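Structure record follows, encoded as structure tokens.
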There are 2 protein chains.
Amino acid sequence: MAKTAALPPIVHPAQDEITVEGVLRALADPVRLGIVRQLAAADRELACGALTVPVTKSTITHHLSILRQAGVVTGRQEGTTRFNSLRRNDLDALFPGLLDGVLAAPR
Amino acid sequence: MAKTAALPPIVHPAQDEITVEGVLRALADPVRLGIVRQLAAADRELACGALTVPVTKSTITHHLSILRQAGVVTGRQEGTTRFNSLRRNDLDALFPGLLDGVLAAPR
DNA sequence: CGACAATTTCGATCGGCGTCGTACAATGGA
DNA sequence: TCCATTGTACGACGCCGATCGAAATTGTCG
């Protein structure tokens with residue numbers, strides 16, 4: 001069989017498809033906020049398994065799906081692992097200061 | 001009878017009680033986001049009745065309560081009307097750029 | 001005092017979302 | 001080839017929150 005990319009074709013919204021409400025909803029969850037914080041702190045792409053979160057794998061998948069659909073993170077497939085990274089450029093362009101404000105939060 | 005402050009003593013979190021997650025949750029709702037946008041655009045305090053939202057009055061009360069508890073707005077009682085305003089200073093101090101980023105959102 | 005206006009409170013409903021467990025798919029090595 | 005690893009898909013469950021209507025509270029005005 002030909003090597004037909006069989007894995008789910010990760011869908012990402014274009015920059016102009018990102019809405020502020022979607023981003024806010026995505027960030028308004030402790031687990032997802034933790035993921036975003038880790039991605040921002042690492043300043044590089046991280047695999048699902050490299051994330052420290054207090055939930056099951058399937059739940060991580062769910063949260064990453066939401067973050068991706070909201071346009072907060074991107075996913076890159078490599079083998080069986082999927083690397084995620086923050087869409088910092090797009091977010092900064094659309095909502096300047098938002099992400100920094102969130103990350104700068106003392107709590 | 002003494003003027004026993006019978007009206008609910010509007011509770012507001014101190015600045016250091018405000019959490020970024022609380023603020024994000026508060027903003028992650030279309031109705032509340034609309035309220036915040038109107039307050040920001042008006043740049044002054046507005047009464048509940050002066051807000052243009054597609055919900056019932058009792059629901060407005062509910063949303064304003066959440067916005068208040070999150071530390072996003074303050075309420076000032078005057079007669080039977082309650083005036084609400086953005087806590088812009090506190091929010092800017094805690095999460096610099098967050099509010100501006102949200103308000104600058106094209107959508 | 002009595003009627004009206006502005007909001008809150010209460011109770012109820014209803015949909016959505018976070019969570020898990022299990023089963024499944026794909027990749028890469030022993 | 002077989003298996004371990006990595007992540008996704010699916011179904012189910014429980015809870016929180018958005019919404020409404022009706023009743024209650026408070027203040028103002030005639």
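Lettering of chains follows the sequences in order, A, B, ..., and the numbering in each one begins at 1. Here the structure is a predicted model, which means the values were calculated and not measured.
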Phosphate contact (D:dT6 OP1 or OP2) by A:R82 side-chain N/O below 4.0 Å: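 So the side-chain polar atoms of A:R82 never come under 4.0 Å of the phosphate oxygens OP1 or OP2 of D:dT6.
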Phosphate contact (D:dT6 OP1 or OP2) by A:T80 side-chain N/O below 4.0 Å: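 Answer is no, no contact under 4.0 Å.
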Sugar-phosphate, base or nothing in reach of A:R76, heavy atoms under 4.0 Å: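 Contact class for A:R76: none.
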Sugar-phosphate only, base, or nothing, as touched by A:T61 at under 4.0 Å among non-hydrogen atoms: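 Counting heavy atoms under 4.0 Å across all strands, the contact made by A:T61 includes a base.
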Is there any protein nitrogen or oxygen under 3.5 Å from a nitrogen or oxygen in nucleotides 17-20 of chain D, and what are the pairs?
residue	atom	partner	partner atom	Å
D:dA18	OP1	B:R32	NH1	3.4
D:dA18	OP1	B:R32	NH2	2.9
D:dA18	OP2	B:R32	NH1	3.3
D:dT19	OP2	B:H63	NE2	2.2
D:dC20	OP2	B:T56	N	2.8
D:dC20	OP2	B:T56	OG1	3.0
D:dC20	OP2	B:T59	OG1	3.2
D:dC20	O5'	B:T56	OG1	3.0

Is a donor on one side and an acceptor on the other found under 3.5 Å between the side chain of [X] and the backbone of [Y]?
| X | Y | answer |
| --- | --- | --- |
| B:T56 | B:T59 | no |
| A:R32 | A:R25 | yes |
| A:Q77 | A:G79 | yes |
| B:N84 | B:L46 | yes |

Exercise: identify the closest heavy-atom pair between A:V72 and A:A26: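 In terms of heavy atoms, the two residues are closest at CG2-CB, 4.2 Å.
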Rounding to an integer number of Å, can you tell me how far [X] [atom1] sits from [N] [atom2]?
| X | N | atom1 | atom2 | value |
| --- | --- | --- | --- | --- |
| A:Q69 | C:dG18 | CD | P | 12 Å |
| B:L64 | C:dT8 | CG | P | 7 Å |
| A:I60 | D:dG7 | CD1 | P | 9 Å |
| A:F83 | D:dT8 | CZ | C1' | 17 Å |
| B:E78 | D:dT26 | CD | C1' | 14 Å |
| B:L67 | C:dT7 | CG | P | 16 Å |

Criterion side-chain contact (heavy atoms from CB on, under 4.5 Å) against B:L98, the qualifying member of B:L91, B:L27, B:L103: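 Checked B:L91, B:L27, B:L103 against B:L98; only one passes side-chain contact (heavy atoms from CB on, under 4.5 Å): B:L27.
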Candidate list A:V73, A:V11, A:T74, test side-chain contact (heavy atoms from CB on, under 4.5 Å), partner A:R68, passing option: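 Answer after filtering A:V73, A:V11, A:T74: A:V73.
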B:R87: partners by salt bridge (Lys or Arg N to Asp or Glu O under 4.0 Å), with sequence neighbours left out: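 With neighbours one apart ignored, the set is B:D90.
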Worked check of side-chain contact (heavy atoms from CB on, under 4.5 Å) between A:L99 and A:V23: CA-CA 10 Å; A:L99 193 55; A:V23 172; over 6 Å; no
Near-strand residues of residues 35-52 of chain B, defined as heavy-atom separation under 4.0 angstrom from DNA chain D: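 Close to the strand, none.
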